[in-house]
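What follows is a set of notes on a single structure, which appears directly below.
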Amino acid sequence: MSTYDYDLFVIGGGSGGVRAARVAAGDAGARVALAEEDRYGGTCVIRGCVPKKLMVFASEFTDAAEVGKAYGWNMTSGTFDWHSFRDHLNTELDRLEGVYRSLLKNSGVDTFDARAKLKDAHTVELSNGETKTAKTILVATGGRPVRPDLPNADLGIVSDDIFHLETLPKSILIIGGGYIACEFACILHGLGVEVTQYYRGAQILRGFDDEARGLIAEAMRDRGIELHTGTNIVQMALDGQVYTSSGPTASDAALGASAQQQDLMSNDDTAPEASPGRGGPIWVKATNGRERVFDMVLFATGRNPNTDDMGFEELGIEVGRRGEVVVDAFSKTAVDSVYAIGDVTNRVNLTPVAIREGMAFVETVFKDNPTAVDHDLIPSAIFTQPEMGTVGMSEEAARDQEEIEVYCTSFRPMRTAFAGKPDRVLMKLVVSVATRKVLGCHIVAPNAGEMIQLAGIAIKMGATKEDFDRTVAVHPTMSEEIVTMKTPMRTA
Ligand code: NDP
């Protein structure tokens, strides 16, 4: 009989933590507890993938009337009601949070609505004053968006704040060129916001296939998003108050800044936390010297693991340069009884990966079946407009590795071409000359996320280009092109 309160204590009720807890309790019969300081469901359900995808759907109705007309429908464009959508969204998120809570309850997991930190290798301390012991502790605390180290950065919002906005801004500046920046640029533009995006690098979506991200950047600009690459923010302040590195200039006082505004101007640690949309309009100076005013600034400048004040250092758990918990292939930390999964480990920060890591952890620790997590060939989607679905290596990464053939086609899809729209899609395969295996597949098209899931199975199985060729096309579809590209566009 164990001397611990539980076999497993999970810290964090996001996708990874909840899955590990309920499988350990339900399938493996372990005595399990879980602590969550905020809402159950974590980033994905409450402030990430799910509300984001619903916003993507909302934003895609913009040109419905225009396209519908081409198909003979007598339609007029309507207006978007943010409050109506947001209320509906909140109701849906409440429902989903309820589902997560009942999944835990029905699996027999004890839950604590409290913050938890490690006290020793087998003890967690809860913010309600209780301590609990467990044979194994699983850290699944996720990550959080970070603002750049810039005076007045708290005038800007981060992605968490978007779902709570009182009103949508008329104009927004988005900083960053990653998933979140590009997705929200498209979403907000679709909802009628004037979107400007500054990205410090030469091309958005660094690390993805060059041709695919080039097409997305072009499509974003064609739709009216003002995308500036090689550009970053260097200064920001409430409009009418010019900020200098030594603080607000004397003329700011003359301009009559309110007490609250003066607070926001200060860059000390006592400045109050920013709340969504507070303090605009915001004056911004860019690296190219250009000064502009926006109603809102969104920082989509990356996410850091939630490892602050968790008791890790004291216990000898190694934490990396970005604050990530360092783990081995089985998600074990430097302390034998403590494991970590999901974004807090900063491996591949995607919900299904955290879930896989949680399942592998349960196999390893509770089912006597040591299972390393397989992080190879993970398909993923970026919900820009058009969407990108991608799996495997980019052309650039593959050609550094070996000799390749590139099969590629770009065309106007039937649905929107009929309506006279300029939208283009891209289908691309990167193939190994030596093994004939498809090393990478990159699709930029409406619903590319749906397509890449299926292409991902074939590629994970090691399909060759000839396997793709042997597959009969589904006609008429966009994705049929993926099995009908006969001649390489180039070799490298
Ligand atoms: P990313 O790391 O993808 O992108 C961060 C962006 O901010 C990069 O363009 C980066 O530039 C830029 N940046 C970083 N620091 C600064 C700075 N100081 N000043 C200006 N720009 C800066 O992070 P995201 O926040 O977009 O997304 C976080 C993670 O969430 C992703 O890695 C992904 O795993 C996950 N996610 C997945 C989604 C999906 O699957 N569809 C959707 C949303 C998020 P640079 O490129 O030069 O470093």
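Computed from a prediction, not measured in an experiment: that's the story for all the values here. As the structure lists them, so they are numbered: ligands from 1, and atoms in each ligand from 1. Sequential numbering from 1 along the given sequence is applied to the chain's residues.
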Applying salt bridge (charged side-chain N to carboxylate O under 4.0 Å, His left out) to E226 and not counting sequence neighbours gives R292
- Task: Answer yes or no: is there an ion pair linking R115 with E36, defined by an N-O contact shorter than 4.0 Å?
- Result: no
message: With a 6.0 Å cut-off on the ring centroids, do F383 and F57 count as close?
response: no
Quick note, side chain to side chain donor-acceptor pair (under 3.5 Å) partners involving residues 181-198, not counting sequence neighbours, are K52-E183, K170-E194
The salt bridge (charged side-chain N to carboxylate O under 4.0 Å, His left out) partners of E66 (sequence neighbours excluded) come to K421
Sorted by chain and residue number, the residues with a non-hydrogen atom under 4.0 Å of ligand 1 are K52, P148, I175, G176, G177, G178, Y179, I180, E183, Y199, R200, R206, N232, A300, T301, G302, R303, N349, L350, A381, F383
Charged N-O contact under 4.0 Å between E218 and R221 | no
